[in-house]
Amino acid sequence: GSDSYVQYNNGGAFGGDATFVYNDATHRLTMQSASTGSNAVFTTSTTDGADIDGLLVTNAQDPGNGNFGSSIGFSKHGSVTRHAAIVAKQTTTDSDQVGLSIFTHPSSTGSAAMVEAIEISHTGHITLKNSATVFKLIDCPTLSMKVPAANYATLEQIKTNGSGSAGVYAMGFKTGGTYSLLGSIRLPLDYKDGTSLYPHINRMIDVAPDATSDVVRIGLEYTWCLEDGTMSNTSTLEKEIAVGAYSTTKLIRSELDAISGSGKTAGSTLIYRLYREAAVTGVECERNLYITSLAFEYESDKLGSNATTV
């Protein structure tokens, strides 16, 4: 065989093959099928019933919580650059507690680094990493909220069948004053610790505004804490929202400002007051505002908790 061909016994004589080569400069051993579209085949066997591995990959990485060990890489067709990998990962301070991480290549630049996407802990629990996390919703219908002792939103009919039916209702926030509703949420077990909440409302008005640039001021006063924690003084966020293009009871989503989740974990409780404030810097929309729900989007990186308590 030619230079770099691996030597093997071929019918009692030395043999070599272009599909089985070793590059001593890069320390890379390459094996492939000579047939187009076929796969290289590795056959292993063991006589020890306690072994479950047919192929053992090792490396010399130092132990340490979060350190990566041996890996198997995967490339796109015709490339020697890794575009995905499965990697052993120490997931605690105990070097014998090892799980797996899956790396992917989200970039369109071939030379860009792979990114850890999924971690499977030594106990088999799955955590989404980096951009692989997903967003979920905690929905708080205003019809399920509580009213304060005074200055509260009221139940208003918004639609009937047009022939005198009892109709359907929503909570109405009148103009010219401050009107509120009360509620609370508890962060689910799949919440990614320390990440922000992104609240929004779904709202509508029943009569055309004087101008689509007219605004309503929506506020959220809140406090929250960890389980076994202490509620702090409240914080308030307010936002003026232009009513925008109008059609009869058109339901519109409006974003509020993000709430920092720094230091918060799954199980944390947030208590809030949702309100409409009359004082605005623009021109107030002099129409009743109906809010059907307040929702909090949160980042999730796991299926749930790995314990019965948070």
Side-chain angles (χ1 to χ4, degrees), residues 64-66 89-94 96-101 116-149 152-153 171 180-202 218-239 253-275 291-310:
N65 188 13
K89 182 178 183 180
Q90 183 178 328
T91 54
T92 72
T93 57
D94 186 336
D96 288 321
Q97 294 183 321
V98 177
L100 291 172
S101 283
E116 186 180 13
I118 299 173
E119 176 191 282
I120 305 173
S121 74
H122 64 286
T123 57
H125 292 92
I126 297 174
T127 300
L128 303 178
K129 310 290 283 187
N130 298 301
S131 59
T133 57
V134 296
F135 284 87
K136 295 185 178 182
L137 191 73
I138 303 171
D139 190 50
C140 308
T142 52
L143 289 173
S144 300
M145 295 180 189
K146 304 299 182 182
V147 297
Y152 47 81
M171 298 305 294
S180 305
L181 288 174
L182 309 175
S184 66
I185 62 170
R186 186 166 181 255
L187 296 186
L189 299 180
D190 59 353
Y191 166 74
K192 182 180 180 180
D193 294 348
T195 55
S196 296
L197 303 181
Y198 300 91
H200 70 265
I201 60 170
N202 291 296
I218 300 299
L220 193 66
E221 181 180 14
Y222 65 92
T223 180
W224 60 333
C225 71
L226 303 169
E227 283 193 321
D228 299 322
T230 302
M231 292 290 179
S232 61
N233 291 339
T234 60
S235 300
T236 301
L237 59 88
E238 292 187 348
K239 189 170 187 179
R253 170 178 169 145
S254 295
E255 310 293 336
L256 303 179
D257 293 333
I259 299 173
S260 171
S262 177
K264 301 302 187 294
T265 63
S268 297
T269 295
L270 183 146
I271 304 173
Y272 65 83
R273 177 174 68 93
L274 174 67
Y275 62 92
I291 299 179
T292 59
S293 67
L294 166 68
F296 298 86
E297 290 186 65
Y298 68 94
E299 193 170 357
S300 173
D301 65 346
K302 61 185 78 71
L303 298 178
S305 174
N306 60 1
T308 56
T309 58
V310 181

Exercise. Once you round to the nearest 0.5 Å, how far does OG1 of Thr91 lie from NE2 of His122?
Worked result: 5.0 Å
Seminar exercise, completed: For Tyr191 and Ala266, the nearest pair of non-hydrogen atoms, with its separation, is CD2-N, 3.6 Å
Problem set entry | CD on Glu221 to CG on Leu274, rounded to 0.5 Å | 11.5 Å
Only pairs under 3.5 Å count here: list side-chain donor-acceptor contacts from residues 124-136, not counting sequence neighbours, and write none if there are none.
residue: His125; atom: ND1; partner: Thr123; partner atom: OG1; Å: 2.6
residue: Asn130; atom: ND2; partner: Glu116; partner atom: O; Å: 2.8
residue: Thr133; atom: OG1; partner: Asn130; partner atom: O; Å: 3.4
residue: Thr133; atom: OG1; partner: Glu299; partner atom: OE2; Å: 2.6
residue: Lys136; atom: NZ; partner: Asp190; partner atom: OD2; Å: 2.7

For this session: Give, for atom OG1 of Thr93 and atom CD of Gln90, the distance between the pair rounded to the nearest 0.5 Å.
Result: 7.5 Å
Problem set entry | Non-hydrogen atoms of Trp224 and Ser268 that approach each other most closely | CE3-CB, 4.5 Å
Exercise. Heavy-atom distance under 4.5 Å between the side chains of Ser180 and Tyr152, does that happen here?
Worked result: no
Problem set entry | Closest non-hydrogen atom pair, Ile185 against Leu197 | CD1-CD1, 4.3 Å
Exercise. Heavy atoms, side chains only, cut-off 4.5 Å: are Tyr272 and Met145 in contact?
Worked result: yes
Seminar exercise, completed: Separation between OH (Tyr298) and CD1 (Ile259), nearest 0.5 Å, reads 15.0 Å
Problem set entry | OG-NZ distance between Ser300 and Lys192, expressed to the nearest 0.5 angstrom | 10.0 Å
For this session: For Ser184, enumerate each residue passing the side chain to side chain contact (heavy atoms under 4.5 Å, CB included) test, keeping only those at least two apart in sequence or located in another chain.
Result: Ile271
Problem set entry | Pro148 side chain reached by Leu182 side chain, heavy atoms, under 4.5 Å | yes
For this session: Please check if the side chain of Thr142 supplies one atom and the backbone of Ile291 the other of a donor-acceptor pair under 3.5 Å.
Result: yes
Problem set entry | Which atom of Tyr275 lies closest to which atom of Leu220, heavy atoms considered | CE2-N, 3.7 Å
Problem set entry | Minimal non-hydrogen separation, Asp96 against Asp94, with atom names | N-OD1, 2.9 Å
Exercise. What's the spacing between Asn65 CG and Thr92 OG1 if we round to 0.5 Å?
Worked result: 6.0 Å
For this session: Without swapping roles, check the side chain of Lys239 against the backbone of Asp257 for a donor-acceptor pair under 3.5 Å.
Result: no
Exercise. Looking at residues at least two apart in the chain, or sitting in another chain, which of them share a side chain to side chain contact (heavy atoms under 4.5 Å, CB included) with Ser293?
Worked result: Asp139, Asn202
Seminar exercise, completed: Note: Ser232 and Thr223 closest approach over all heavy atoms is O-OG1, 2.8 Å
Problem set entry | Close side-chain approach of Thr265 to Leu226, heavy-atom, < 4.5 Å | yes
